[in-house]
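What follows is one structure encoded as structure tokens, with my remarks underneath.
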Amino acid sequence: MLSLSTNRQHAKRRNKRAARIAWEGHVPSKRTTERYRHNAPPIHSSLNSTSLPVANSAYQAKIDRSRCGDKRAWTLEELAAQGLSLVCWDGEKSHPIMDKGGRIIAVLVGQPQEIAYCASARTAYDVIICEASTECFQRDQTHHCRGTFPVLNVGVFHGKGTLQPINLDGGDHTSLAGCLLADQDIQRLATFASANFQGWAPNVFTHYRERLDPLWERMPTLRRNFPRSIFPMAGFNISLSVWTHRHRDVLNCPFGWCSVQALGSFDPTKGGHLILWDLGLYVEFPLGALILLPSATISHSNVPV
């Protein structure tokens, strides 16, 4: 009897773990996460993160036009002349970026040292470009605060007058959105981003999960973008050469992090650098690499390829 009971308990725990992995992906243990973070060399900055523009509610970033709206295509030489510091990065090793008070404000995460993951990053780019090649985008989808290139936003949104969370309407691009979200290589990138968000900012990740999980149950018509990602929205920047204006994504959660992943074929030492203006840094951003940052409060852009 004891053996049968024990076996049932083991099976119950095993099924529970399997269900959790199916929902969240593989979650590293606390010990593994702490060891991984401890061995990551930090990058220090002079930013006081408490000075970032946030409304009193803490759920809305303020628009600071003095720091955003710059549509200039900056060169590496011009950024150096402005006093920004170059971060030479191989896109593999992790580096937390610290603010003046020793808080982790962003992370250069990197990517797994796996041939299969690099192949997924290359294939994901090819899929996006190929599937979107026959699409016709409206002007408001190609001319926006981030730049002049097609962008496809998908997921769950609440704001700008909505009475409750809604699924973004893809309009003529609904089929494209479905195709990209179902792609296994894109899903792999999304899972990696979410897992690292949990590893580097566990308290914020838990804040997301404790609010989003009940939402999915209460409103089953809302669609999650990816089965193993905490992020309720995703944006696909669609172009052979994307470069963004200096901007902040003020509709995002001010204390939350966004994941940015570099795709395409280019030399990361000559272009494609991510510029973190408030941190005074411009970072080499190789193919497949992941960066986590609070995009609502830190103004950012990138160098043309």
Side-chain angles (χ1 to χ4, degrees), residues 68-82 84 86-92 108-111 117-154 170 172-173 176-177 179-181 183 185-186 188-190 192-193 233-249 258-277 281-293 295 298-305:
C68 297
D70 179 6
K71 299 181 180 180
R72 180 174 178 177
W74 291 84
T75 66
L76 301 180
E77 294 75 18
E78 290 171 337
L79 292 171
Q82 289 290 317
L84 275 71
L86 170 65
V87 177
C88 298
W89 186 38
D90 60 7
E92 297 177 357
L108 310 184
V109 176
Q111 58 188 300
Y117 186 88
C118 185
S120 288
R122 295 184 184 279
T123 303
Y125 171 76
D126 293 337
V127 168
I128 293 171
I129 296 301
C130 179
E131 295 295 336
S133 62
T134 59
E135 300 285 318
C136 294
F137 292 92
Q138 301 297 321
R139 181 175 175 81
D140 62 345
Q141 294 175 309
T142 60
H143 292 72
H144 39 79
C145 68
R146 296 177 184 174
T148 53
F149 52 85
V151 60
L152 180 62
N153 293 316
V154 293
D172 295 337
H173 310 295
L176 170 63
C179 178
L180 297 181
L181 294 178
D183 183 81
D185 292 300
I186 293 176
R188 183 174 190 178
L189 301 185
F192 178 71
M233 284 193 62
F236 295 95
N237 297 331
I238 303 171
S239 176
L240 294 175
S241 179
V242 170
W243 71 271
T244 61
H245 302 157
R246 182 175 178 176
H247 70 286
R248 284 203 240 94
D249 302 301
C258 294
S259 67
V260 185
Q261 288 162 296
L263 302 177
S265 179
F266 60 97
D267 184 344
T269 65
K270 296 181 179 179
H273 299 60
L274 180 64
I275 310 171
L276 302 173
W277 292 95
L281 304 172
Y282 59 111
V283 184
E284 292 178 356
F285 200 179
L287 164 68
L290 166 68
I291 295 178
L292 296 170
L293 75 152
S295 65
I298 290 184
S299 56
H300 54 284
S301 58
N302 71 287
V303 177
V305 174

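The residues of the chain are indexed from 1 along the displayed sequence.
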- Verify side chain to side chain contact (heavy atoms under 4.5 Å, CB included) between V151 and I238, making sure each step is shown before the conclusion. CA-CA 6 Å; V151 60; I238 303 171; over 6 Å; no
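- Side-chain contact between N153 and M233 is present, with at least one heavy-atom pair separated by less than 4.5 Å.
- Between the N302 side chain and the V242 main chain, a donor and an acceptor come within less than 3.5 Å of each other.
- Looking only at side-chain heavy atoms (C-beta outward), W74 and L84 stay at 4.5 Å or farther from each other.
- Residues K71 and T148 fail the side-chain proximity criterion, which asks for heavy atoms closer than 4.5 Å.
- Across every non-hydrogen atom of L290 and W89, the tightest pair is O-CH2, 3.6 Å.
- Ionic pairing of D185 and R122 is not present here: no N-O contact between side-chain nitrogen and carboxylate oxygen is shorter than 4.0 angstrom.
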With a cut-off of 3.5 Å and sequence neighbours excluded, list every side-chain donor-acceptor pair involving residues 265-275.
from : atom 1 : to   : atom 2 : distance (Å)
D267 : OD1    : T269 : N      : 3.0
D267 : OD1    : T269 : OG1    : 2.7
D267 : OD2    : T269 : OG1    : 3.4

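- For the pair I298 and W277, the minimum side-chain heavy-atom distance is 4.5 Å or more.
- Checking side-chain atoms of E131 against main-chain N and O of C179 turns up no donor-acceptor pair under 3.5 Å.
- In this structure, P286 and A262 approach most closely via the heavy-atom pair O-CB, 3.4 Å.
- For the pair I129 and S239, the tightest heavy-atom approach, listed with the atom from each and the gap, is CD1-O, 3.7 Å.
- The number of heavy-atom neighbours closer than 6.0 Å to CG of D172, taken from other residues, nucleotides and ligands shown, is 12 or below.
- In this structure, the separation between CG on L108 and CD on E284 is 11.0 Å, given to the nearest 0.5 Å.
- To the nearest 0.5 Å, atoms CZ (F192) and OG (S120) are separated by 11.5 Å.
- Between L263 and L189, some side-chain heavy-atom pair lies under the 4.5 Å cut-off.
- Shortest non-hydrogen contact noted between D90 and E92 is OD1-N, 2.8 Å.
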Side chain to side chain contact (heavy atoms under 4.5 Å, CB included) assessment of H245 paired with S301: CA-CA 5 Å; H245 302 157; S301 58; 5.8 Å; no
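- For the pair F236 and L180, the minimum side-chain heavy-atom distance is below 4.5 Å.
- Looking at heavy atoms from C-beta onward, L293 lies in side-chain contact with H300 at the 4.5 angstrom threshold.
- More than 12 heavy atoms of other residues, nucleotides or ligands lie within 6.0 Å of CD in E78, so this atom counts as buried by the packing criterion.
- When side chains are defined from C-beta on, L86 does not count as touching L76, because their heavy atoms never get closer than 4.5 Å.
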- Query: What's the verdict on side chain to side chain contact (heavy atoms under 4.5 Å, CB included) for L152 and I128, showing C-alpha distance, side-chain angles and the deciding distance?
  - Reply: CA-CA 11 Å; L152 180 62; I128 293 171; over 6 Å; no
Evaluate the criterion side chain to side chain contact (heavy atoms under 4.5 Å, CB included) for residue pair F285 and I291; output intermediate values, then yes/no.
CA-CA 9 Å; F285 200 179; I291 295 178; 3.8 Å; yes
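- In terms of heavy atoms, Q111 sits closest to Y117 at CB-CE2, 3.8 Å.
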